[in-house]
There are 2 protein chains.
Amino acid sequence: METIEKGRLYMPPKYKVVYEDIKNKINNYIYKTNEKIPDGDSLAECYNCSKLTIAKALDLLVQEGMLIRRQGSGTYVKENLSNRTTIELDNISGYSKKFSTEHLKSTVIDFSIITPPKEIAEKLNITDEYIYKILRLRSVDNDPQILEETYMPIYVIPGLKEHHLEGSIYDYITNELGFKIQSAHISIKGDEANSNDKLYLNLTESDFIIELEKICYLENGKIFEYSKTHHRYDVFKFNTVLVNNI
Amino acid sequence: METIEKGRLYMPPKYKVVYEDIKNKINNYIYKTNEKIPDGDSLAECYNCSKLTIAKALDLLVQEGMLIRRQGSGTYVKENLSNRTTIELDNISGYSKKFSTEHLKSTVIDFSIITPPKEIAEKLNITDEYIYKILRLRSVDNDPQILEETYMPIYVIPGLKEHHLEGSIYDYITNELGFKIQSAHISIKGDEANSNDKLYLNLTESDFIIELEKICYLENGKIFEYSKTHHRYDVFKFNTVLVNNI
DNA sequence: AAGTGGTCTAGACCACACT
DNA sequence: GTGTGGTCTAGACCACTTG
């Protein structure tokens, strides 16, 4: 399972190996829906590790809504529901599995470097820093679906060029810059379409959009993005799993 | 911090005590935004526990979006953003903190016991079980905001009466029955208002709503609720934090 | 009573950041 | 180099359910 990253041999931690393996077993119905999987001691012996490592791996799957652990009883596979949303840097990544890049298109409406207004600077937690301002239209088969307004500090994401925007900014950040995403704080609401929405998303006077506001963190603790995306309501769907941890 | 539950002395685990204490320190700005909190060894000494217990407590706060941990650097308090959504059994619990029960009203439109149609039975993962069907209108200051369609198996939630519906079903389940919620799988989308929405939410022909679909699990592994809530778009807001754990 | 998950420890070692 | 978080172990004991 080891890979080469940045020219170095990268060996994933044991709990991640166990996590991946059990996740595969669930997805391939080797561990069947609503059934119990082997107990912690057995798994620890099977994977040649401690119980705690097994628990850590299983807890990840609980967090993703794939397992439920019941004290005194066992660990069970949940009904196969919509899995937890991965962080959608792309805003359209839900589709990127369904549609190849041939069908996806990003049209850059505006790409400039600005001094952020106070409101944006606060969201990005910066002072006196230049930022990129990006306005993009995301389409599937030339059908416009998402109008995206993105702000990113230059010093956090250096070297961003217009051609990156025509593809995936996410790919640039993770693959070319080698950064990892830590988290995203999001907020979802509905609203009437504004003039830009009507213009670019081909909406009529009476239409509505779903607005997804997002603040994204890198693993180094820096906020790298604040964005507002307006989604045509008929193509928007957001799935997630909330787990009670306390 | 110990409490009496079901006539027994309940002593919370150490990591939960630490979690609560640090959460309070963040909310009261004893640990300030963007600043580093003490390292794991110090906290372990301070709380008289092992490093692992501290890590477990801090990881909960990372999951809630309040902290960020950086290997080699430290643990930092994040910008105070909207916290992670708690499981909203109530559908209106976001308001229950803002508005007292005097302002909140639940009007029961339908409360019946039925044999579920196939689609609902599948969502609830049951066969040959009777279920409650509940249609409620939730209002704030007599302003109708949410139309809620709920299905619950009788054998999972016994003894539900109409007067419970006028208050909070959540309170009945957690306080009177003493059950705990494990998780909720949710899905959010927008849609045009249907005839019921127009009727009960006072919408016009052109209006639209936000639909929140939800499947809820108890700690005993049973699904106790499948619901669809239609929210007037101008009063809907959903916040959450997505954390990259893998 | 037996089985299973949950909590917790003390300590070891590694990976990474900072300076 | 020092400090910090991340991983991992072996084992102990507790809480809960009943496969």
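None of these values were measured; they are calculated from a predicted model. We name chains A, B, ... by the order of the sequence lines, and we start the count at 1 in each one.
- Atom pair E45(B):CD and dG3(D):P shows a separation of 14 Å (rounding to whole Å applied).
- Base pairing of dA1(C): its partner is dT18(D), meeting the Watson-Crick or G-U wobble criterion (both donor-acceptor distances under 3.5 Å).
- Out of dT4(D), dA12(D), dT9(D), the shortest distance to the side chain of K14(A) is found at dT9(D).
- As rounded to whole Å, 15 Å separates atom C1' of dT7(D) from atom CG of N245(B).
- The phosphate of dC18(C) has OP1 or OP2 within less than 4.0 Å of a side-chain N or O from R70(B).
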message = Evaluate L218(A) against Q182(A) for side-chain contact (heavy atoms from CB on, under 4.5 Å), listing each step before the verdict.
response = CA-CA 5 Å; L218(A) 291 177; Q182(A) 192 268 338; 5.9 Å; no
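- Of the candidate nucleotides dT9(C), dC13(D), dG6(D), dG6(D) has the atom nearest to the side chain of Q71(B).
- A close approach under 4.0 Å does not occur between any side-chain nitrogen or oxygen of T75(A) and OP1 or OP2 of dT4(C).
- Taking atom CZ of F179(A) as the reference point, atom P of dA17(C) lies 11 Å away to the nearest angstrom.
- Here E225(B) contributes atom CD and I173(B) contributes atom CD1; the two are 7.0 Å apart, rounded to the nearest 0.5 Å.
- Not one side-chain nitrogen or oxygen of K56(A) sits closer than 4.0 Å to the OP1 or OP2 atom of dC8(D).
- For K51(A) and dC14(D), the NZ to C1' distance is 11 Å, given to the nearest whole Å.
- Side-chain atoms of R136(B) come within 3.5 Å of backbone atoms of L165(B) as a donor-acceptor pair (strictly under, hydrogens ignored).
- When each of dG5(D), dT7(C), dT18(D) is scored by its nearest atom to the side-chain atoms of Y15(B), the top-ranked nucleotide is dT7(C).
- Closest approach to the C49(A) side chain among dT18(D), dT9(D), dC8(C) is made by dT9(D) (side chain taken as heavy atoms from C-beta onward).
- Distance, I54(B) CD1 to dT7(D) P: 17 Å, rounded to whole Å.
- Side-chain atoms of P13(B) lie closest to dT7(C) of the nucleotides dA15(D), dG5(D), dT7(C).
- Using a 4.0 Å heavy-atom distance criterion, S50(A) is classed as a base contact.
- Looking only at distances, no side-chain donor or acceptor of R69(A) sits under 3.5 Å from a matching main-chain atom of T75(A).
- Both D39(B) and G72(A) lie close to DNA chain D; mapped to their nearest nucleotides by heavy-atom distance, the more 5′-ward contact belongs to D39(B).
- Of the candidates dT4(C), dC13(D), dG5(D), the closest approach to any side-chain atom of K36(A) belongs to dT4(C).
- Between Y151(A) and L124(A), the shortest heavy-atom contact is O-CD2, 3.8 Å.
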task = Start with the C-alpha distance between V18(A) and L43(A), add both sets of side-chain angles, then the distance that settles side-chain contact (heavy atoms from CB on, under 4.5 Å), and finish with yes or no.
result = CA-CA 9 Å; V18(A) 176; L43(A) 289 171; over 6 Å; no
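- A straight line from CD of Q182(B) to P of dG6(C) spans 10 Å, rounded to a whole angstrom.
- The distance between atom CG of D41(A) and atom P of dA12(D), rounded to the nearest whole Å, is 13 Å.
- The CG atom of L43(A) sits 13 Å away from the P atom of dG6(C) (whole-angstrom rounding).
- Between L52(A) and G74(A), the residue anchored closer to the 5' end of DNA chain C is G74(A), taking for each the nucleotide with the nearest heavy atom.
- Candidate nucleotides dG5(D), dT7(D), dG6(C) were compared by shortest atom distance to the side chain of R69(A), and dG6(C) ranks first.
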